[in-house]
Amino acid sequence: MEDFLFTLTTFLSSALRQAAPLSLAGLGVAYAEKAGILNIGEEGIMLSGAFSGFIVAFFTHNLFLGILGGILGGIFISIIHAFFSIHARANQTIVGLALNFFTLGLTSFLFLLAFGSGSSLPSIDRLHAIPIPLLSSIPVIGPVFFSQNILVYILYIAIAVMSVIFYRTEWGIRLTAVGENPRASDTAGINVYATRYVACLINGILGGLGGCYITLGQLGYFQEDIISGKGYIALVVVILGRHNPVFILLSAMIIGFAESMQFTLQTWGIPLPSQAFSIIPYLIAVIVLLFSIGKSSSPLSLGRPYERETR
């Protein structure tokens, strides 16, 4: 029985660690989409956060400054996306994809510039788990949820704050109104552009945190394209979670289970190529996305630029 509980606890802890960056990025995407901004560029936001967080932590030897660097890196790409989507009124899908490629090239170039092309990757210490007294002693639940690093606790806080903002505040109502009908919102005196910029700013903060979680909380190093599609999976998590903060975490946990299962199956020595295991999380993402068909909760104006001058 003790062996079973230990295995269960280890597996669930691993699933939560895999789900944390997807959840943070997913919460950011939910903010942007609530305001009507479709951000396919979440991959670029996470990659910028991962790179900036690692670079700052490496050269300052301070992980908390690294977290701040990750936030600023996410904001950098998100604000570029916001400008082209809101003021330039560009196609939001094209802008997002272009920023993904731009960020991939930029981070690869800057990393090469900083460290050269050596065979070994520079590394840093990772964020350590911080057990919460009493709560971390609860069997199974305690080690899983209350013996994690600071970014996971920030995730919990972000979910709670987002739940209040979305469903209990006037600004949450305005955010939803802007996403559903920006012209009616403008007529009612709501600043559509400012609301969307704030939503994109929050998206950059949370997406940057999701990216730097991977370098500071999971791996302790950076390499080219280290996000490997997690930004796109975050979009799936938001769709499946129907823009609800708690459901976004639960949806991310499903992908986290798949990630953990991938590593578990590899340790069992199953005679399959490693590539077969690596596609498991993406396969699960596609499967769970199928369950969302016909159940979209996306705002009516999602992805549509608002032009105040036109009627």
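Remember, predicted model here, so these are calculated numbers, not experimental data.
- Counting only heavy atoms from C-beta outward, the side chains of Val152 and Tyr213 approach each other to under 4.5 Å.
- Residues Ile94 and Ile45 fall into different hydrophobic clusters, defined by Ile, Leu, Val, Met, Phe, Trp and Tyr side chains chained together at heavy-atom separations under 4.5 Å.
- Clustering ILVMFWY residues whenever any of their side-chain heavy atoms sit less than 4.5 angstrom apart, transitively, puts Leu72 in a cluster other than the one holding Ile77.
- Remark: the backbone N or O of Gly229 is paired with a side-chain donor or acceptor of Glu43 at under 3.5 angstrom.
- Residue Phe101 qualifies as open at atom CZ: its count of foreign heavy atoms under 6.0 Å is 12 or below.
- A donor-acceptor pair under 3.5 Å is absent between the side-chain atoms of Glu42 and the main chain of Gly231, judged by distance alone.
- Of all the heavy atoms in Ala57 and Ile124, the pair that sits closest is CB-CD1, 3.9 Å.
- Leu12 has its side chain out of reach of Phe145: every pair of non-hydrogen atoms, C-beta onward, lies at least 4.5 Å apart.
- Considering Tyr221, Phe222, Phe115 in turn, Phe115 is the only one that fulfils the ring-ring contact (aromatic ring centres under 6.0 Å, His included) rule with Phe58.
- The OG1 atom of Thr176 lies 9.5 Å from the CH2 atom of Trp171; values are rounded to the nearest 0.5 Å.
- Using modelled atom types, no side-chain atom of Ser137 and backbone atom of Pro133 make a donor-acceptor pair closer than 3.5 Å.
- Between the side chain of Thr169 and the backbone N or O of Ile165 there is at least one donor-acceptor pair closer than 3.5 Å.
- Taking the side chain as every heavy atom from C-beta outward, Gln218 and Arg126 never approach each other to under 4.5 Å.
- The shortest side-chain heavy-atom distance between Ile55 and Phe59 falls under the 4.5 Å cut-off.
- Here the side chain of Ser78 pairs no donor or acceptor atom with the backbone of Gly74 at under 3.5 angstrom.
- Atom CD1 of Ile141 has 12 or fewer heavy atoms from other residues, nucleotides or ligands within 6.0 Å.
- With hydrophobic clusters built from ILVMFWY side chains whose heavy atoms lie under 4.5 angstrom apart, Val164 does not share a cluster with Ile159.
- Within 6.0 Å of CZ in Phe109 there are 12 or fewer heavy atoms belonging to other residues, nucleotides or ligands.
- What you find for Leu216 and Leu63 is that their closest heavy atoms are CD1-O, 3.9 Å.
- Put simply, the side chain of Asn203 never gets that close to the backbone of Ala32: no donor and acceptor are under 3.5 Å apart.
- Between the side chain of Arg196 and the backbone N or O of Ala35, at least one donor-acceptor pair lies under 3.5 Å.
- Heavy-atom contacts from other residues, nucleotides or ligands closer than 6.0 Å to CG of Leu113 number more than 12.
- Between Phe257 and Phe11, the angle of the ring planes stays under 30°, which puts this pair in the parallel group of the 30/60° scheme.
- A salt bridge (charged side-chain N to carboxylate O under 4.0 Å, His left out) check over residues 171-182, counting only residues at least two apart or in different chains, returns the pairs Glu170-Arg174.
- In this structure, Leu302 is not a member of the same hydrophobic cluster as Ile173, with clusters built from ILVMFWY side-chain heavy atoms closer than 4.5 Å.
- The shortest heavy-atom contact between Leu151 and Leu209 is CD2-CD2, 3.8 Å.
- With values rounded to the nearest 0.5 angstrom, Gln148 atom CD is found 5.5 Å from Ser13 atom OG.
- Membership of the apolar cluster around Val56 extends to Leu65, as traced through chained side-chain contacts below 4.5 Å between ILVMFWY residues.
- Proximity of a side-chain donor or acceptor of Tyr197 to a complementary backbone N or O of Ile86 within less than 3.5 Å is not detected.
- Within a 6.0 Å sphere centred on CZ of Phe247, heavy atoms belonging to other residues, nucleotides or ligands number 12 at most.
- Ring orientation note: the planes of Phe111 and Phe51 are nearly perpendicular, at an angle over 60° on the 30°/60° scale.
- Put simply, the side chain of Ser301 never gets that close to the backbone of Arg304: no donor and acceptor are under 3.5 Å apart.
- Note that CD1 of Ile233 is 12.5 Å distant from OG of Ser251, once rounded to the nearest 0.5 Å.
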Decide yes or no on ring pair (Phe, Tyr, Trp, His ring centres under 6.0 Å) for Phe166 and Tyr31, but give the supporting numbers first. CA-CA 9 Å; Phe166 275 15; Tyr31 271 104; 5.2 Å; yes

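- When side chains are defined from C-beta on, Ile254 counts as touching Leu240, because their heavy atoms get closer than 4.5 Å.
- Between the side chain of Gln92 and the main chain of Leu38, a donor-acceptor pair closer than 3.5 Å is present.
- Criterion: ILVMFWY side-chain heavy atoms under 4.5 Å apart, direct or through other members. Under it, Leu68 and Leu127 are not part of a common hydrophobic cluster.
- Nearest heavy atom pair, residue Gly26 against residue Ile248, reads O-CD1, 3.9 Å.
- Residues Pro245 and Leu27 meet the side-chain proximity criterion, which asks for heavy atoms closer than 4.5 Å.
- The two residues Gly49 and Cys212 make their nearest non-hydrogen contact at O-CB, 3.5 Å.
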